[in-house]
Amino acid sequence: ISPSITLVVSDSELPTVASVGTITLTLTSTGNVTLTTVAAIAVSNDNCGVTSSLSQSLFTCSDMPELNVTVFVEDPSGNQGNDTLLVTVQDTAVPSVTAAAD
């Protein structure tokens with residue numbers, strides 16, 4: 001009988017993430033703008049890699065002037081980290097008026 005060894009590998013190290021802190025987004029002519037994780041995250045780190053997401057990524061006029069968004073990272077073992085980002089939403093489009101025809 002050969003001796004056997006059971007080896008259990010586990011990952012308990014929490015991933016780290018740091019947002020860019022603050023970001024200003026300008027609404028498009030359709031009245032919305034999208035934030036990506038690439039723009040929101042300054043740095044993230046983990047020994048096994050991470051996937052990232054945001055608590056909100058689509059912004060409209062109703063989100064003006066600013067709000068907090070949470071940046072999440074998760075590694076393959078389910079360990080999570082997060083940070084907060086202050087998002088300023090601005091509308092720089094000049095309103096236009098079309099006169100009615102007589």
Side-chain angles (χ1 to χ4, degrees):
I1 296 178
S2 300
S4 65
I5 298 175
T6 302
L7 179 64
V8 176
V9 178
S10 65
D11 173 20
S12 59
E13 183 173 326
L14 297 177
T16 59
V17 60
S19 75
V20 293
T22 62
I23 194 166
T24 299
L25 303 176
T26 302
L27 296 171
T28 65
S29 61
T30 59
N32 60 51
V33 63
T34 301
L35 175 64
T36 65
T37 56
V38 171
I41 296 174
V43 64
S44 64
N45 190 30
D46 186 68
N47 58 338
C48 296
V50 295
T51 57
S52 56
S53 62
L54 303 169
S55 60
Q56 181 175 345
S57 60
L58 180 64
F59 302 89
T60 65
C61 297
S62 63
D63 294 310
M64 292 189 313
E66 60 186 29
L67 67 154
N68 288 316
V69 172
T70 304
V71 179
F72 299 100
V73 292
E74 184 173 345
D75 69 12
S77 297
N79 299 315
Q80 299 176 346
N82 64 67
D83 195 14
T84 302
L85 169 70
L86 179 65
V87 176
T88 301
V89 179
Q90 64 182 5
D91 178 8
T92 59
V94 177
S96 62
V97 176
T98 303
D102 286 333

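Reckoned from all heavy atoms, side chains included, excluding hydrogens, waters and symmetry mates.
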**OP:** Name all residues meeting the side chain to side chain contact (heavy atoms under 4.5 Å, CB included) criterion together with Thr51; count only those two or more places apart in sequence or in a different chain, and write none if there are none.
**Re:** Glu74

Original post:
How far does CG of Leu86 sit from CG of Asn68, to the nearest 0.5 angstrom?
Top reply: 5.5 Å

Subject >> Side-chain heavy atoms of Thr37 within contact of Val71, under 4.5 Å >> reply: no

Original post:
So, do Leu27 and Val89 sit near enough that their side-chain heavy atoms are less than 4.5 Å apart?
Top reply: yes

Original post:
Taking the side chain as C-beta and beyond, is there a heavy-atom pair between Val87 and Gln56 under 4.5 Å?
Top reply: no

Original post:
Hydrophobic clusters join Ile, Leu, Val, Met, Phe, Trp and Tyr when side-chain heavy atoms are under 4.5 Å apart, directly or via other members; which others share one with Val38?
Top reply: none

Subject >> Transitive ILVMFWY cluster of Val43, excluding itself - 4.5 Å side-chain cut-off >> reply: none

Original post:
With Asp46, which residues qualify under side chain to side chain contact (heavy atoms under 4.5 Å, CB included), at least two apart?
Top reply: Asp11, Pro15, Cys48, Val50, Asp75

Side-chain donor-acceptor pairs of residues 18-25 under 3.5 Å, sequence neighbours excluded:
| unit_1 | atom_1 | unit_2 | atom_2 | d |
| --- | --- | --- | --- | --- |
| Ser19 | OG | Gly21 | N | 3.0 |
| Ser19 | OG | Asp83 | OD2 | 3.4 |
| Ser19 | OG | Thr84 | O | 2.9 |

Subject >> Minimal non-hydrogen separation, Ala40 against Leu35, with atom names >> reply: CB-CD2, 4.2 Å

Subject >> Residues forming a side chain to side chain donor-acceptor pair (under 3.5 Å) with Thr28, sequence neighbours excluded >> reply: Thr30

Original post:
Do Ser52 and Val17 touch side chain to side chain, with heavy atoms closer than 4.5 Å?
Top reply: no

Original post:
Do Leu14 and Ile41 share a hydrophobic cluster, counting only Ile, Leu, Val, Met, Phe, Trp and Tyr and linking them when any side-chain heavy atoms are less than 4.5 Å apart?
Top reply: no

Original post:
Which residues satisfy the side chain to side chain contact (heavy atoms under 4.5 Å, CB included) test with Thr60, sequence neighbours excluded?
Top reply: Asn32, Ser62, Asp63

Subject >> Qualifying residues under side chain to side chain donor-acceptor pair (under 3.5 Å), relative to Ser44, sequence neighbours excluded >> reply: none

Subject >> side chain to side chain contact (heavy atoms under 4.5 Å, CB included) partners of Ala93, counting only residues at least two apart >> reply: Asp91

Original post:
If every non-hydrogen atom of Glu66 is compared with every non-hydrogen atom of Thr88, which pair is closest and at what distance?
Top reply: OE1-OG1, 3.7 Å

